[in-house]
Number of protein chains: 2
Amino acid sequence: MTANTLKRQPLYAQVKQLLMQRMSGGEWQAHDALPSEWELADELGASQGTIRKALSELVDAGLLYRQQGRGTYAAPVPGDWGEASLLTPGLFFERPDELVREFLGMSRLNASEDIAEALQLRRLAPLLRIRQLWRWHGAPVALDDALLPAETFDGMDARWLRNSAGVYATLQQRFGVRVRVMCEQFRAEMLPREEAGLLGVTGMVADVPALCLLRLSADMDGRPLEWRQRYCLTHQLAYTVKHG
Amino acid sequence: MTANTLKRQPLYAQVKQLLMQRMSGGEWQAHDALPSEWELADELGASQGTIRKALSELVDAGLLYRQQGRGTYAAPVPGDWGEASLLTPGLFFERPDELVREFLGMSRLNASEDIAEALQLRRLAPLLRIRQLWRWHGAPVALDDALLPAETFDGMDARWLRNSAGVYATLQQRFGVRVRVMCEQFRAEMLPREEAGLLGVTGMVADVPALCLLRLSADMDGRPLEWRQRYCLTHQLAYTVKHG
DNA sequence: AAGTGGTCTAGACCACCGG
DNA sequence: CGGTGGTCTAGACCACTTA
């Protein structure tokens, strides 16, 4: 392989980088087959083992999946809900039920100091706020606010969001940006009034504890893209994370 | 390498398995150096590349760490707190402060149906309950109950727990068992009275929401070992998880 | 300088999948 | 059957640490 990128990067890392760029450019959609290891090796002038190492790391990163005897394929865009599933508390081996997403609306606001810092924006930078409701067997269980830098996603159209599979799918389709969840925070809070209303928590029993989730997402190069805040009702359900 | 274990396992997986067994047996303590790749290759009759693949997977699993030019070392036992750190809500890049663990006591009880199933025990199987308090800058922030199958850990001594670095460290030192966190659940709950007392939540303001964490841990072969329940106060702190 | 892990190559064989 | 990914080998060179 010709030494085209930064010299101090190992070859397999350069291959990985190149493939990620091509994937971002939309060369392969979800479930499209990539060239075989040998074709890539010829094309890029590297050995098959080097190509394999790059592909393996992309599989680990969740960007590709492989099937013995068939080929290597582009993985679908991750959903807005994230890796964790909703399960009945205490049952770790339950099969997760499907969550249904409902787009509530898009609005504009200015970044607070915390959020501006996390997203590496100037103070009061304009943001898009995308609000979604999650239902489980019809009942609302979570409320999402996704905050995106407005300048990066200038031209975002609410209709795109209403008719797509979620924020991440829209960013991928309309802006060619692949999102990666960087870190998440959990804490317990009393459900604020506005969110309680949207989640259908009625009556004077306003003393409902909610699981509050914060998420920071970035593109494949690590540039922050999204600050997400979620209120989850966990009376009957719990957020379940499986480890390596 | 002689075909001694199950035939359908690839060689590198057998090497991995063997090294895990030796590690469990206490052959290498934390930060002890393992033999070099070439020494292992000679000893086990595999090639250096195969040994490397096994070692790499053990590094990914957190059992080993490697330093270029120096060697391969046994990783220290993970702490009881887990992977997630406590940070100020909304600040993802903060440096996590140290948590101080305090052993409160050990008692016995019988497994509920849920717990018996998760730990693959019969109903009402005897359990050890190990209670620990976590402090952050002196103030209590979390309360842990670790539930272990009493028969597996027959002879467990409370003094071991009081003077060790935690439950996992004790299991490793006294029983040669390496613990691996399988999955965790989060939900929001109002803090029950007993836990509120132990966490120093005083007065009539009993309406404190708490982050409730459930954890299922296992040994390296996947056999369930521990059910842990934790109540976290998250008024000023949040549970932060970083992703791959 | 010697020893270690990290990268890279070339070639081989196997297991699996599809037509 | 051919093509694919999965495993394994042997050998080479580099980068880093230690002495």
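These numbers come from a predicted model, not from an experiment. All chains are named by letter (A, B, ...) in the order of the sequence lines, taking the proteins before the strands, and each is independently numbered beginning at 1.
- A donor N or O paired with an acceptor N or O is not found under 3.5 Å between the base of D/dG3 and the side-chain atoms of A/Arg70.
- Rounding to whole angstrom units, NZ of residue B/Lys53 and P of D/dT9 are separated by 12 Å.
- For the pair B/Asp42 CG and D/dA10 C1', the computed distance is 13 Å after rounding to whole Å.
- Taking atom CZ of A/Arg52 as the reference point, atom C1' of C/dA12 lies 13 Å away to the nearest angstrom.
- Cation-pi geometry between B/Arg228 and B/Tyr168 is met: under 6.0 angstrom from the ring centre, within 45 degrees of the axis.
- Here the C1' atom of nucleotide D/dG3 and the CD atom of A/Gln67 are 15 Å apart, to the nearest Å.
- OP1 or OP2 of D/dT9 has at least one side-chain nitrogen or oxygen of B/Thr50 nearer than 4.0 Å.
- When each of B/Leu55 and A/Trp38 is assigned the nucleotide of DNA chain C with its nearest heavy atom, B/Leu55 is the one assigned upstream, toward the 5' end.
- Between A/Thr72 and D/dT4 there is no side-chain N or O to OP1 or OP2 distance below 4.0 Å.
- Taking the nucleotide of DNA chain C with the nearest heavy atom to each of A/Ile51 and B/Arg66, the more 5' of the two is matched to B/Arg66.
- Here the nucleotide nearest the side chain of A/Gln68, chosen from C/dT9, C/dA15, D/dT9, is C/dA15.
- Contact between A/Met23 and A/Leu63 at its shortest, heavy atoms only, is SD-O, 3.9 Å.
- Residue B/Glu57 places its CD atom among more than 12 non-hydrogen atoms of other residues, nucleotides or ligands, all under 6.0 Å distant.
- Between the CG atom of A/Leu40 and the P atom of C/dT9 there is a distance of 13 Å, rounded to whole Å.
- Of the residues near DNA chain D, B/Gln48 and A/Gly71, the one whose nearest nucleotide (by heavy atom distance) lies more toward the 5' end is A/Gly71.
- If you check D/dT9, C/dT9, D/dT4 against the side chain of A/Ser47, the one that comes closest is C/dT9.
- A heavy-atom distance below 4.5 Å is found between the side chains of A/Arg230 and A/Trp134.
- Between the CG atom of A/Leu64 and the P atom of D/dG6 there is a distance of 11 Å, rounded to whole Å.
- Between the OH atom of B/Tyr12 and the P atom of D/dG6 there is a distance of 9 Å, given to the nearest Å.
- Put simply, CD on B/Glu37 is 15 Å from P on D/dA10, counting in whole angstrom units.
- Each of A/Arg215, A/Met182, A/Glu184 was scored for a side chain to side chain contact (heavy atoms under 4.5 Å, CB included) with B/His243, with one residue passing: A/Glu184.
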